[in-house]
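These notes concern the structure reproduced below.
Everything quoted here is computed from the prediction, not taken from an experiment.
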Amino acid sequence: MPEGHLLHRAAREISADLAGAPVRATSPQGRFDAAPVDGQVLLRTEAVGKHLLHRFDGLAVHVHLGMRGLHLRYDDPRSPPRPGVRLRLSGARAAWDLIAPSTCELLDDAAVDRLLAGLGPDPLGPDDEDEAVRRLRSARGPVGAALLDQAVWAGVGNAWRSELLFVARLPPEAPCADLPDDVVRGLWRVTRALLAAGRDAGQVVSDPAAPDERWVYKRAACRSCGAPVRAWPLAGRTAYACPVEQA
DNA sequence: GTGGCATGGACAT
DNA sequence: TGTCCCTGCCACA
């Protein structure tokens, strides 16, 4: 379930467990060469959008979970890994296993810079509101496509797309170019607030008063007004919207 | 037990 | 736009 808020949560937890000390880095599965960082001090683990970076001196392990990847944490760093673990990072307090990522690779600092250069502002990163607004308003096509474009805003995925656009009462097919500046600012601010709540809760939170509920995502009826939710493919993924409140 | 789908993205077409 | 990918979950049988 890897949208940006969960990567930020993982980064926070991995850093708390492992950063500041040498880590053991292995690939039980054998599909990743962990030797260059094995025994090195993990400076920090950070998330940028949906990307995770384990930072070592001059080198980083870049992880992207894709749709199916996951992390497993073990209190006992000696716990045997399950089959298929691509990367295990272990320290004195815990072990973190990476399973089925779409990307797990070593990057030098220049390659990290290139990666980051391709990403838009992260709602869970430094608040770069003017740049965020500029990128969204200048995106081509509908706002529902722009929100999934990681070069526009980095970290929003399909569940957030539907929920954020509902909260902002915007129809997903509204052209970005037509959105007033203050509307986009409002969307950015609610995105920052809700993703932060989601990071802290470990799940999508689109209504802080009811953190387990969704407004429209994968629902048959709008949680607010009860109208039948509209679901259709938009930018390659299923979009959900209320036909009444997001008209 | 099996098949379809998915909170992702790269790549071919 | 379609397809594939080191999975997990669900519905269904």
Considering only nitrogen or oxygen atoms on both sides, find all protein atoms under 3.5 Å from nucleotides 9-13 of chain B and state each distance.
from, atom 1, to, atom 2, distance (Å)
B:dG9, OP1, A:His64, NE2, 3.4
B:dG9, OP2, A:Lys50, NZ, 3.1

CZ of A:Arg88 to CD1 of A:Ile99: how many Å apart, nearest 0.5 Å?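 Reported to 0.5 Å precision, the distance equals 9.5 Å.
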Residue that, paired with A:Arg192, satisfies salt bridge (charged side-chain N to carboxylate O under 4.0 Å, His left out) out of A:Asp128, A:Asp127, A:Asp122: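 Only match with A:Arg192 under salt bridge (charged side-chain N to carboxylate O under 4.0 Å, His left out): A:Asp127.
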Should A:Arg55 and A:Asp57 count as an ion pair when the cut-off is N to O under 4.0 Å?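 Looking at A:Asp57 together with A:Arg55, the answer is no, because their closest N to O distance does not fall below 4.0 Å.
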Between A:Arg185 and A:Glu129, does at least one N-O distance fall below 4.0 Å, as a salt bridge requires?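 Yes, A:Arg185 and A:Glu129 are salt-bridged.
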Indicate yes or no for a side-chain donor-acceptor contact from A:Ser15 to the backbone of A:Thr45 under 3.5 Å, with no hydrogens or angles considered.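 Looks like yes, one N/O pair under 3.5 Å.
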Is there a donor-acceptor pair under 3.5 Å between the side chain of A:Arg135 and the backbone N or O of A:Ala151?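 Side chain of A:Arg135 to backbone of A:Ala151: a pair is present.
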Interatomic distance, [X] [atom1] vs [N] [atom2] [rounded to whole Å]:
X        : N     : atom1 : atom2 : value
A:Asp97  : C:dG8 : CG    : P     : 12 Å
A:Leu6   : B:dA6 : CG    : P     : 18 Å
A:Asp149 : B:dG8 : CG    : C1'   : 13 Å
A:Arg68  : B:dA6 : CZ    : P     : 14 Å
A:Trp160 : B:dA6 : CH2   : C1'   : 18 Å
A:Arg219 : B:dA6 : CZ    : C1'   : 19 Å
A:Leu234 : B:dG8 : CG    : P     : 14 Å
A:Tyr240 : B:dC5 : OH    : P     : 12 Å

Between A:Glu3 and A:Asn158, is there a side-chain donor-acceptor contact under 3.5 Å, judged purely by atom types and distance?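 Judged by distance alone, the side chains do not pair up.
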Please tell me which of the listed nucleotides, B:dA6, B:dG8, C:dG8, lies nearest to the side chain of A:Lys218?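 Among the listed nucleotides, the one closest to the side chain of A:Lys218 is B:dA6.
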Side chain of A:Ala100 - closest among B:dA6, B:dG8, C:dT7: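 The answer is C:dT7, which lies nearest to the side chain.
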Could you measure between the two P atoms, the one in C:dG8 and the one in B:dA10, and give it in whole Å?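 Those two atoms are separated by 23 Å.
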